[in-house]
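Below is one structure, written out as structure tokens; comments come after it.
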Amino acid sequence: MTGFLSALPGAVSQGLIWGIMAIGVYITYKILDIADLTVDGSFCTGGAVFVMLFGSGANLWLALLAALLAGMLAGLVTGLLHTVCGIPAILAGILTQLGLYSVNMAIMDFKASVALSITNGETLNKLLVSLRFVKGALDGSFPFWRHPIIVVGLFTAVLIGVLYWFFGTELGAALRATGSNQNMARAQGINTDRTKVLGLVISNGLVALSGALLCQYNGANEINVGRGAIVIGLAAVIIGEVLLGKVFRNFALKLLTVSIGAIIYYIVLQVVLALGLNPNYLKFLSALVVAVFLTIPYWKGKYFAKPVKRGGDANA
Amino acid sequence: MLEIKNVYKTFNAGTVNEKTALQNLCLHLNPGEFCTVIGGNGAGKSTMLNAVAGVWPVDEGQIIIGGEDVTKLPEYKRAAYLGRVFQDPMMGTAPTMQIEENLALAARRGKSRTLRASITRAEREEYAERLKILDLGLEDRLTSKVGLLSGGQRQALTLLMATLKQPKLLLLDEHTAALDPKTAAKVLDATDRIVEKDRLTTLMITHNMRDAIAHGDRLIMMYNGHIVVDVSGEEKKRLTVEQLLALFSQASGSDEADDKLLLS
Ligand SMILES: Nc1ncnc2c1ncn2[C@@H]1O[C@H](COP(=O)(O)OP(=O)(O)O)[C@@H](O)[C@H]1O
Ligand SMILES: [Mg+2]
């Protein structure tokens, strides 16, 4: 029990970081109605770009910006494969993801893992987040406000604010309309190819940003860090929706719900680990959880349907 | 206002499913003309409207809207000139968005979408005012999700969206066919009022011959991918269903036409 409790701040911190990735997944999966598998690759791209740039002495914010742009570029590739080349969205994402493995390796100088020199106090002090701050902020070796929960929480709040603003603009509304009804969007003069590409670009930018934060948190970036990211993202989206979907209706709160979903996901992981599960089975467990939670609403609609009003839409 | 010149369209060319849906189709609509379109199932009525809207490119021929050749323009660009209502009530609105958001999207048809607010307070007031013409009480439900509306309400909303910014051409594809008779009459009524108010050039497909005669100032009948009957003015006003059937048999050279038309 004490083991679990002492692991809690770390779990929340990690959940918050992955929550940013999950918000990216929310944009494609929920708003645009596209299952985008690019994220498994672009998450690592973000970390890779960050670790190489920051490691070679670049400014932290510059390295973060570069990571964001690299993720956006990955989203752009998937978007163009889908819209210009006519490849189904799922396959387009898989192709980019596969290609990114080589790209990520190349970025990381063909090493499977690149570490930040956090044993160097000066370097560590420059980082935005680190596993070391989780304890350090509490025992006084670092100021309390450097606790990852505070830093990433603030980061997330700013991102949600920006996204809330964006999806309230004409362009953002066009993107939402594309996901809601493509036919209507085109009839209202919206270039749906362009809005889809834009959505994928924004989403993968967030995913890469999240990857860059996790790389700092772990003090290293590994080539396989993003494997299964899409499933974690979906899990966060679904957990948040099931638990808070009825309470939070405002768009900003819905994004917050995703972040909370990711935190819960990581707390549950800690519980399961504390219960003595072999960490090897975590991926299986994640896949199972997502499969079950995706099944429930479908079966509910199919076998236990209440008479629904005509024109109703479960997607609302 | 609309000029369709010798348009051909064949679906699934070169396969066993090959179907020539439009064959040397020609049509000229004057500004302000309200033309109803009838014809049997598969005559090419929807295909004609889709060709005008640019859902896919045509094989041959030209489409000119308001003097501009739009034959090569993609669907989303032609939308600037067009208002469309579809047969399926689900097709014309975004179900996960609010009534006012749907209207705001329609108000920006043909303009580039910027980073300005997607809807302003002044617009909200305007939309509430505009919704009154539908007489469905939607003006009190501006922030309701459209997915919660009935088929008839959605169709009426789509009609308002199509005409919010005066289109050069209004395309209605059996837009009341999926509604119950009472709702259908209401939506058709709203259509008449809106078309009249703004003097909109309109193409309205209907499977109901009485509606085709009662509405609009011109009537065309399609058969085999082109127009076989075209009446307007006094002649159209005096038209009866029986005469229409006779005209059809004459044009198509077949007697089974009667059932085909009546039943479809
Ligand atoms: N997208 C399409 N693909 C293949 N065939 C089509 C398509 N749209 C229409 N058709 C065919 O073209 C013919 C005319 O269809 P349509 O214009 O929908 O007829 P209607 O006059 O009943 O509206 C029909 O035979 C139909 O099956
Ligand atoms: Mg039709």
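Sequence lines set the chain letters: A, B, ... in the order given, protein chains first and strands last, and positions in each chain run from 1.
- Heavy-atom distances place both the backbone and the side chain of B:R116 under 4.5 Å from chain A.
- Open room surrounds OH on A:Y164; 12 or fewer heavy atoms of other groups in view lie less than 6.0 Å from it.
- Heavy atoms closer than 4.5 Å to chain A are found in both the backbone and the side chain of B:A106.
- Using a 4.5 Å cut-off between heavy atoms, B:E75 touches chain A through backbone and side chain atoms alike.
- Residues of residues 168-175 of chain B placed with any heavy atom under 4.5 Å of a heavy atom in chain A are absent; none qualify.
- Ranked by heavy-atom pairs under 4.5 Å with chain B, the first of A:A174, A:A177, A:A187 is A:A187.
- In this structure, chain A has a heavy atom under 4.5 Å from the backbone of B:S112, while its side chain stays farther away.
- The parts of B:T114 that come within reach of chain A are both its backbone and its side chain, each placing non-hydrogen atoms under 4.5 angstrom from that chain.
- No other option in A:N191, A:I190, A:T195, A:T178 has as many heavy-atom pairs under 4.5 Å with chain B as A:N191.
- A donor atom on one side chain and an acceptor atom on the other are not found under 3.5 Å apart for B:N17 and B:T15.
- Between the side chains of A:S42 and A:N204, at least one donor N or O lies within less than 3.5 Å of an accepting N or O.
- A donor atom on one side chain and an acceptor atom on the other are found under 3.5 Å apart for A:T78 and A:T38.
- Salt bridge status for B:R108 with B:E123: present, with a side-chain N to carboxylate O gap under 4.0 Å.
- Using a 4.5 Å cut-off between heavy atoms, A:F166 touches chain B through its side chain atoms alone.
- Residues A:F43 and A:W18 place their aromatic rings such that the two centres sit under 6.0 Å apart.
- Side-chain N/O atoms of A:S286 and A:Y265 include a donor and acceptor closer than 3.5 Å.
- Between B:H215 and B:F34, the ring planes lie tilted relative to each other; the angle falls in the 30° to 60° range.
- The environment of CD in B:E18 is crowded: more than 12 heavy-atom neighbours from other residues, nucleotides or ligands sit within 6.0 Å.
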